[in-house]
Protein chains: 2
Amino acid sequence: MSYNYEYARAALTVDCVVFGLDDESLKVMLIERAIKPFKGKWALPGGFVNVGESLDDAAERELREETGLRQVFLEQLYTFGNPKRDPREHVVSVAYFALTNLEGHDVKADTDAANAAWFAVDDLPQLAFDHEAIVEAALDRLKGKVRYRPVGFELLPEKFTLTQMQKMYEMILEKEMDKRNFRKKVLKLGVLRDTNEVQKDVSHRAAKLYEFDEKAYRKLEKAGINFEV
Amino acid sequence: MSYNYEYARAALTVDCVVFGLDDESLKVMLIERAIKPFKGKWALPGGFVNVGESLDDAAERELREETGLRQVFLEQLYTFGNPKRDPREHVVSVAYFALTNLEGHDVKADTDAANAAWFAVDDLPQLAFDHEAIVEAALDRLKGKVRYRPVGFELLPEKFTLTQMQKMYEMILEKEMDKRNFRKKVLKLGVLRDTNEVQKDVSHRAAKLYEFDEKAYRKLEKAGINFEV
DNA sequence: TCAAAAGTGTTCATCTTACACCCATGG
DNA sequence: CCATGGGTGTAAGATGAACACTTTTGA
């Protein structure tokens, strides 16, 4: 089977920058390429968009196929179209960025990717294609977005402590924050619900656990009050 | 001549949302389609991306070819890939948004477009394809961006009065601002250079003319001080 | 009883907002 | 001399930044 067009066409792919967080650092998921070009190099999960398939669907599908991840927060980032970015031919890639909580997402490359793993964003291996630039753009977007949109919660477990939340902001924004001011500010926002539970199995005073209250957030958003950390 | 691929490929286009400003309103440039589909309907300037051509180049080229505009501020916005957005086949469009000052840019459709004209954003005709959604996205981006990036200056003449600048913000953000507070704030930012010139041919006290001081802005940006209106 | 992290208020400086009148110019 | 927009300051309230000690818990 083959397809014929009057004019030449670039190929179209999606690539996903998936962020995860643990105690140590902000991480990105990479897969080891099983095929040429850049065979053996680390790259972002992604692949070709099918004709008739929306871009969002393609990103979701590739993520599922290559990393086993589903139902993560996924948002279009930017489209990379430099004709030299792929050595084979002109391949335009629509990049997505995704946030997920690392806990319980042990990655197994359950498909044709050779291998999948999390890497700290400040210690990435050399990447295939222009994927370094894509990760860079995703990081910029994350940094810009996290301060005025409640996206960071996707990186945390469902129930989290204020200290975990503060550390998330500190890791993403790469600056330290004052504990008292941080708590005052986020509690005043009114989007955290106290679960009346506390941490278990910690060898110090157990912290309260909070949840992000999506409904409350939507209400505030409609009222024109804006989230800002 | 024809081109052959092993897998089907979507077509790739760019579309540009070009904003301009006059005393009355924020405007968008549209062209009347000379060919099917949607022949006779208004649409965003744009067209097919050539293989081997970068997306930015394609956007610039299409803008030049279809509207005669050059050297406008042009930035990638979002990529629209719904397979149904073009009735012919799956066409993925990378949308750009552009800012230009309307003065002296009399549009002449100097090419194959039937006609080109400016329309107030709050009074657009029915548009071809999903171009309404694209304009919407561009407006959202403009509103979000103008408050913390000095992009609005692209919409003003090179030398402008503070009142013109204030009106620009009021039109984009759709809310009124206090004259004294506005002036205090923007002058304190330190990115406006007083040209020592004043308006001519006005039948009232002539206002001072200012220029945007790009160098000063870059310095402040490097120092980590951020622009915010 | 010690180590480790949780939790909590006040002060000072800065920024935001609201608000009204005189000035310069051309017709 | 009048119409039109240009230009200016102050006070009150809200917000942001700096800062240190006590509490709880498990080992």
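The chains referred to below are lettered A, B, ... by the order of the sequence lines, with proteins before strands, and numbering in each begins at 1.
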inquiry  = Whole angstroms only, please: what is the NZ-P distance between A:Lys188 and D:dA17?
reply    = 12 Å
message = Does the plane of the ring in B:Tyr217 sit parallel, tilted or perpendicular to the ring in B:Phe212? Use 30° and 60° as the thresholds.
response = tilted
inquiry  = Let's see if you can work this out: which of C:dA6, D:dT15, D:dA27 has an atom nearest to the side-chain heavy atoms of A:Ser203?
reply    = D:dA27
request  = To the nearest 0.5 Å, tell me how far A:Leu63 CG sits from A:Thr100 OG1.
outcome  = 8.5 Å
message = Return whichever of A:Asn181 or A:Ala206 has its heavy-atom-nearest nucleotide of DNA chain D closer to the 5' end.
response = A:Asn181
message = Between C1' on C:dA6 and CG on A:Leu187, what's the gap in Å once rounded to a whole number?
response = 13 Å
key: Distance in angstrom units between A:Asp201 CG and C:dA4 C1', rounded   = 16 Å
query = Once you round it to whole Å, what is the distance between C1' of C:dG9 and CZ of A:Phe182?
reply = 18 Å
note = Per nearest nucleotide of DNA chain C, the residue lying toward the 5' end, B:Lys179 or B:Glu228, is B:Glu228
message = What's the closest nucleotide to the side chain of A:His204 if the choices are D:dT25, D:dG7, C:dA18?
response = D:dT25
ask   = Base, sugar-phosphate alone, or nothing: which one does B:Asp178 contact when heavy atoms must sit under 4.0 Å apart?
value = base
inquiry  = Has A:Glu66 got a side-chain atom pairing as donor or acceptor with A:Gly46's backbone, closer than 3.5 angstrom?
reply    = yes
query = Once you round it to whole Å, what is the distance between P of C:dA5 and CD of A:Gln166?
reply = 13 Å
query = Please give, in whole Å, the distance from C:dC15 P to B:Arg183 CZ?
reply = 21 Å
message = It should be established whether B:Thr163 places a side-chain nitrogen or oxygen under 4.0 Å from OP1 or OP2 of nucleotide D:dG6.
response = yes
Whether A:Phe182 and A:Tyr169 hold their rings parallel, tilted or perpendicular, with breakpoints at 30° and 60° = tilted
query = Is any side-chain N or O of A:Arg205 closer than 4.0 Å to OP1 or OP2 of C:dG7?
reply = no
note = Interatomic distance, CG@B:Asp22 vs CE@B:Met171, rounded to 0.5 Å, equals 7.0 Å
message = From C-beta outward on B:Lys184, which listed nucleotide comes closest to its side chain: D:dA18, D:dG9, C:dG7?
response = D:dG9
ask   = For the side chain of B:Arg180, counting heavy atoms from C-beta on, which of C:dT8, D:dG9, D:dG6 is nearest?
value = D:dG9
message = Side chain of B:Lys208, heavy atoms from C-beta onward: which of D:dT4, C:dA6, D:dG7 has the nearest atom to it?
response = D:dG7
ask   = Once you round it to whole Å, what is the distance between C1' of D:dG5 and CG of B:Asp23?
value = 13 Å
key: Spacing between B:Lys200 atom NZ and D:dG5 atom P, to the nearest angstrom   = 20 Å
